Amino acid sequence: QVQLVESGGGLVQAGGSLRLSCAASGSIFSINVMGWYRQAPGKQRELVAAVTSGGTTNYADSVKGRFTISRDNAKNTVYLQMNSLKPEDTAVYYCNAPDVFSTAQALGGMTVLPPLDYWGQGTRVTVSS
């Protein structure tokens, strides 16, 4: 079993910064993509940013130039540095790893079963105006 645990949310004034962290733990064989989604009240969950194990990144247009996603593969941890925060960034932020192979899905150093999709419990970010 694999768990994703987020930290770093909180209350900040507009223009401020926060850094979110998400650590994956458990019997991990490999994780390709790790990312962040967010869900504001009354809205659908949306992708904020994602990063592959090779360092390729993808951002929502609304956060480009303000947010930076990074990753420590050795620690199975992904970070989201959020700068110049706006009230519209207020949401619950969820960590996601959509293609996780646990050691139970690998044999002889190769994956033999399909990957699994994991989500964190969410961390709340509130930006006041």
Side-chain angles (χ1 to χ4, degrees):
Q1 187 71 342
V2 174
Q3 299 83 36
L4 302 182
V5 178
E6 301 119 332
S7 61
L11 173 65
V12 64
Q13 289 188 333
S17 299
L18 282 175
R19 188 190 193 212
L20 305 183
S21 299
C22 171
S25 63
S27 301
I28 298 169
F29 179 79
S30 68
I31 304 176
N32 182 20
V33 177
M34 297 187 78
W36 292 93
Y37 284 73
R38 67 186 180 187
Q39 188 166 19
K43 295 188 177 181
Q44 289 189 331
R45 191 172 297 189
E46 62 175 0
L47 174 68
V48 177
V51 59
T52 68
S53 57
T56 300
T57 58
N58 182 38
Y59 294 92
D61 288 341
S62 60
V63 306
K64 284 180 181 178
R66 300 188 298 122
F67 291 10
T68 302
I69 190 169
S70 61
R71 178 170 173 174
D72 185 332
N73 290 328
K75 296 181 179 179
N76 289 316
T77 300
V78 64
Y79 306 95
L80 186 68
Q81 178 66 44
M82 305 185 293
N83 298 329
S84 302
L85 282 161
K86 304 175 181 179
E88 50 264 44
D89 295 317
T90 295
V92 177
Y93 284 70
Y94 296 91
C95 180
N96 173 239
D99 51 1
V100 177
F101 289 98
S102 69
T103 54
Q105 296 162 288
L107 183 66
M110 298 178 59
T111 57
V112 296
L113 292 173
L116 298 178
D117 184 5
Y118 289 93
W119 290 87
Q121 79 285 356
T123 184
R124 185 173 300 276
V125 172
T126 303
V127 184
S128 63
S129 57

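Since this is a predicted model, take the numbers as computed values, not measurements.
- No donor-acceptor distance shorter than 3.5 angstrom exists from the side chain of Glu6 to the backbone of Cys22, with no hydrogens or angles considered.
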Before you tell me yes or no, could you show the steps for Ser30 and Phe101 under side chain to side chain contact (heavy atoms under 4.5 Å, CB included), namely the whole-Å CA-CA distance, both residues' side-chain angles and the distance that decides it to 0.1 Å?
CA-CA 5 Å; Ser30 68; Phe101 289 98; 3.5 Å; yes

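- Within the 3.5 Å criterion, the main-chain N or O of Gly55 finds no donor-acceptor partner in the side chain of Arg71.
- Between Trp119 and Cys95, the closest side-chain pair of non-hydrogen atoms is not below 4.5 Å.
- Within the model, atoms OH of Tyr37 and CD of Gln44 stand 12.0 Å from one another, a figure rounded to the nearest 0.5 Å.
- Ring pair Phe67/Tyr93 is tilted by interplanar angle, where 30° to 60° counts as tilted.
- Phe29 and Leu4 fall into different hydrophobic clusters, where Ile, Leu, Val, Met, Phe, Trp and Tyr side chains are chained together by heavy-atom contacts under 4.5 Å.
- Note that CD1 of Ile69 and CH2 of Trp36 are 8.0 Å apart. Values are rounded to the nearest 0.5 Å.
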Test side chain to side chain contact (heavy atoms under 4.5 Å, CB included) on Glu46 and Gln39 and set out the steps.
CA-CA 6 Å; Glu46 62 175 0; Gln39 188 166 19; over 6 Å; no

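- A donor and an acceptor atom, one from each side chain of Ser17 and Asn83, are located under 3.5 Å apart.
- Interatomic distance, CG of Leu116 versus CD1 of Ile31, reported as 11.5 Å (0.5 Å rounding).
- For the pair Asp99 (side chain) and Asp117 (backbone), a donor-acceptor distance under 3.5 Å is absent.
- Distance alone, capped at 3.5 Å, is enough to place a donor-acceptor pair between the Arg66 side chain and the Ser84 backbone.
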Checking side chain to side chain contact (heavy atoms under 4.5 Å, CB included) for the pair Asn58/Leu47: CA distance, chi angles, key distance, verdict?
CA-CA 9 Å; Asn58 182 38; Leu47 174 68; 3.6 Å; yes

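- Using a 4.5 Å heavy-atom cutoff, the side chains of Val78 and Val51 are in contact.
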Check against side chain to side chain contact (heavy atoms under 4.5 Å, CB included), Met82 and Asp89
CA-CA 9 Å; Met82 305 185 293; Asp89 295 317; over 6 Å; no

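- The backbone N or O of Ala23 lies less than 3.5 Å from no partner atom in the side chain of Thr77, so there is not a single donor-acceptor pair.
- For Tyr118, the ring pair (Phe, Tyr, Trp, His ring centres under 6.0 Å) criterion is met by no residue, not counting sequence neighbours.
- Proximity of Arg45 to Asn96: side-chain heavy atoms (C-beta onward) are nowhere separated by under 4.5 Å.
- Closest heavy-atom contact between Thr90 and Val127: OG1-N, 2.9 Å.
- Residues Pro87 and Ala14 come closest through the heavy atom pair CD-CB, 4.1 Å.
- Residues Val125 and Leu20 meet the side-chain proximity criterion, which asks for heavy atoms closer than 4.5 Å.
- Counting all heavy atoms, side chain and backbone alike, Gln105 lies closest to Val100 at OE1-O, 3.5 Å.
- One distance of note links CG of Leu80 with CZ of Arg38; it measures 9.5 Å at 0.5 Å rounding.
- In plain terms, the two heavy atoms of Gln3 and Gln1 that are nearest each other are NE2-CG, 3.3 Å.
- Using a distance-only test at 3.5 Å, with no hydrogens or angles considered, no donor-acceptor pair links the side chain of Thr111 to the main chain of Leu113.
- For the pair Thr68/Tyr59, a side-chain contact is recorded, criterion being any heavy-atom separation below 4.5 Å from C-beta on.
- Remark: Arg19 qualifies as a cation-pi partner of Tyr79 under the 6.0 Å distance and 45° angle criteria applied to the six-membered ring.
- Between Asn76 and Met34, the shortest heavy-atom distance links the atoms O-CE, 3.8 Å.
- Each salt bridge (Lys or Arg N to Asp or Glu O under 4.0 Å) pair with one or both residues in residues 73-87, not counting sequence neighbours, would appear here, but there are none.
- A heavy-atom distance below 4.5 Å is found between the side chains of Leu85 and Leu18.
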